[in-house]
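The structure appears below as structure tokens.
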Amino acid sequence: MTLFFIKTRLSRVRASSEIAIAHFHYHTNGGFRLLNDKEVIHNPNSWLVKVVCSLFVHSCSLSHCLGYLSDNLTPHIEFEVIKRLKHPKLGLKFLEFSRVNLKINHSFWTYNMLMRSLCDMDSHGLAKIVFGYMRSDGHVPDNNMLGFLVSSFTQAGKLYVAKKMIYEVECDEFGVSHLIYNNFLNALVTQNQVNEAISLFKEHYVLHSRPDTWAFNILLRGLCRVGEVDKAFEFFNEMGNFGCSPDVVTYNTLINGLCRVNEVDRACGLLKEIRSRDDYSPNVVTFTSVMSGYCKLGKMREASVVFREMISFGTKPTVITFNVLIDGFGKGGDMVSAESMFEKMLLLGCIPDVVTFTSLIDGYCRSGQLNQGLKVWDEMIVRNMSPNVYTYAVLINALCKESRLHEARDLLRQLKCQDIVPKPFMYNPVIDGFCKAGNVDEANVIVMEMEEKRCNPDKLTFTILIIGHCMKGRILEAISIFNKMLAVGCAPDNITVSSFISCLLKAGMPDEAYRVMQMASEDLNSGFSSLEKAIPLRTNADIPLAA
């Protein structure tokens, strides 16, 4: 909202304010007269709030009536003025004016309202200024306000400012809650600033306050996410020294971390350790994480053993559990076991989702049973279940590999009516298929459809098109596509450049080949010499080299 808009809006109520303004000026000039009934205002402060707002909006200054305002404005009235001004930036101007000229200490609630409003409109720099004013006026934010500010500044990417706010308040010997510290710790981990999170953990929890299990879990999750599993175990082993006991989330975090770095046997050992405890038990996440780890390594026998242990332990599998196993069997080409797991899923009353069907389709396609994969696709449609991006991609890629190009093309046409944001890897196999078949016109049409769906061609798309047009002898169009590739900021790689230059040289266009090499070398920041070594231009002594 602009200042002009505020002025325009307030001008609409100017007529209703005339009596109050006259009343205001009459008092500031020391006069006295009887007011008629229309001039009576029941709330003795409301007229003053209204007039101060109107005058300040029009002049952004009240210097002509400082004496009267000094005698009559209170922190409560100033709060109402800033609230009535509605625009936070204008409210900040009034706060600064009154702090400097009227020497009034604004209330905690004025600062609270103004900082929240400024943060909500993404003006964190101004909110920080207000925070400084509040601190200099002797106000300390409570945990509710501090929590909001830290969260808002963190989400805006201003982690340093948020951390500084926490430390400033802590220096006032005000008890900053664990909730604020843990939320900030979580924000650091979420933004992959794990070293910063470790520093905060050591500075605050080790030196000032005992950490809780939640704080440890956040830190362990951050370390496992970046592959520092051994370091995570170091902190895990220190939990007892701080009076903290691990919970199932702690173990799940470590197990997931171990599986990420392919130490699944170690994760399985940790699962057995949890099962032996009396205070809590592993849950479905614990078992599923270990199964997922084995599936990624292709160790389906071990994954099946863990599944049977989970059932015998009395833990009910979820759709995620079944999806992990079905996908694992499918990728291993064991569709008999995948089908068996799907049937078991239905018997246990677990409803399959789009991931389940996509995994089955992928498994059938990998094992050369494309028609069976198409039957699963049809079953999805019968169940009124919408395929996702990956369902389309799996089936389209398989159809193209089987040279069933027109069926793949039909699937792309279906996308035009689907509420799906497509990815280039869905289109590239079909574009490649038509280019290899010599039908570059259809490939161009597909690219147009792709762009209509707001899916920008990637490096592979451009490379396929460039080579496809060259193979058809449409060199000028290939050059145009290459220029577009650079114009949209899609950097070609050495394969794209070398293939294109080779085509240009065969077409007897060494000058154009030289230009492409220069443009590509600048774009790749790899230098002319490295490309020249990879693609020597003097491949034919009869072709003159451009100087």
Side-chain angles (χ1 to χ4, degrees), residues 182 185-202 205 211 213-242 244-277 280-310 313 315 317-318 320-334 355 359 362 366 390:
N182 286 347
L185 195 68
N186 185 61
L188 290 170
V189 166
T190 301
Q191 297 190 27
N192 291 323
Q193 299 199 31
V194 181
N195 289 332
E196 281 290 327
I198 293 173
S199 297
L200 176 70
F201 186 90
K202 290 180 177 179
Y205 287 120
T213 301
W214 182 22
F216 271 106
N217 288 346
I218 292 169
L219 197 61
L220 296 181
R221 176 166 54 85
L223 287 166
C224 288
R225 179 181 289 180
V226 296
E228 295 283 350
V229 181
D230 289 335
K231 197 165 188 177
F233 270 94
E234 290 177 13
F235 280 94
F236 169 73
N237 294 330
E238 288 293 324
M239 290 182 72
N241 296 333
F242 291 92
C244 291
S245 297
D247 57 15
V248 68
V249 176
T250 314
Y251 280 104
N252 286 350
T253 301
L254 292 171
I255 285 172
N256 188 55
L258 287 168
C259 291
R260 275 174 174 264
V261 295
N262 296 328
E263 294 190 37
V264 189
D265 289 336
R266 190 176 167 193
C268 195
L270 205 55
L271 170 61
K272 291 177 181 177
E273 180 181 327
I274 307 171
R275 291 184 61 181
S276 66
R277 295 183 67 105
Y280 52 81
S281 302
N283 58 22
V284 65
V285 176
T286 322
F287 285 105
T288 302
S289 295
V290 177
M291 281 183 270
S292 177
Y294 278 128
C295 287
K296 287 176 182 176
L297 295 177
K299 295 184 175 182
M300 298 310 300
R301 187 180 64 82
E302 290 85 347
S304 299
V305 169
V306 176
F307 178 76
R308 288 193 293 271
E309 287 177 357
M310 180 180 73
F313 194 73
T315 303
T318 65
I320 298 174
T321 311
F322 283 111
N323 286 347
V324 163
L325 291 168
I326 290 170
D327 183 65
F329 283 121
K331 282 185 168 58
D334 185 0
V355 178
S359 296
D362 182 50
R366 284 172 181 267
Y390 299 101

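Numbers here simply count residues along the sequence, with the first being 1.
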Is any side-chain heavy atom of [Y] closer than 4.5 Å to one of [X]?
{"X": "Pro246", "Y": "Thr213", "value": "no"}
{"X": "Val249", "Y": "Arg221", "value": "no"}
{"X": "Phe201", "Y": "Glu196", "value": "no"}
{"X": "Thr250", "Y": "Met239", "value": "yes"}
{"X": "Ser281", "Y": "Phe313", "value": "yes"}
{"X": "Met300", "Y": "Phe307", "value": "no"}
{"X": "Asp362", "Y": "Lys331", "value": "yes"}

For atom [atom1] of [X], decide whether the heavy atoms of other residues, nucleotides or ligands shown that lie under 6.0 angstrom number more than 12.
{"X": "Tyr390", "atom1": "OH", "result": "no"}
{"X": "Asn195", "atom1": "CG", "result": "no"}
{"X": "Leu297", "atom1": "CG", "result": "yes"}

Could you pull out all donor-acceptor pairs under 3.5 Å where a side-chain atom in residues 285-294 meets a protein atom, sequence neighbours excluded?
from   : atom 1 : to     : atom 2 : distance (Å)
Thr286 : OG1    : Asn252 : OD1    : 2.5
Thr286 : OG1    : Asn283 : N      : 3.0
Thr286 : OG1    : Asn283 : O      : 3.3
Thr286 : OG1    : Asn283 : OD1    : 2.9
Thr288 : OG1    : Val284 : O      : 2.7
Thr288 : OG1    : Thr321 : OG1    : 2.8
Ser289 : OG     : Val285 : O      : 2.8
Tyr294 : OH     : Asp265 : OD1    : 2.8

#### Entry: Qualifying residue, where the test is side-chain hydrogen bond (donor to acceptor under 3.5 Å, both in side chains) with Asn217 and the options are Asp247, Asn182, Thr253
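The side-chain hydrogen bond (donor to acceptor under 3.5 Å, both in side chains) with Asn217 is passed solely by Asp247 among Asp247, Asn182, Thr253.
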### Query
Any Lys/Arg nitrogen of Lys299 or Glu302 sitting under 4.0 Å from an Asp/Glu carboxylate oxygen of the other?
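Salt bridge absent between Lys299 and Glu302.
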Nearest 0.5 Å, please: how far is [atom2] in [Y] from [atom1] in [X]?
{"X": "Tyr251", "Y": "Arg277", "atom1": "OH", "atom2": "CZ", "result": "4.0 Å"}
{"X": "Gln193", "Y": "Ile198", "atom1": "CD", "atom2": "CD1", "result": "12.0 Å"}
{"X": "Leu223", "Y": "Ile218", "atom1": "CG", "atom2": "CD1", "result": "12.0 Å"}
{"X": "Leu271", "Y": "Met310", "atom1": "CG", "atom2": "CE", "result": "10.5 Å"}

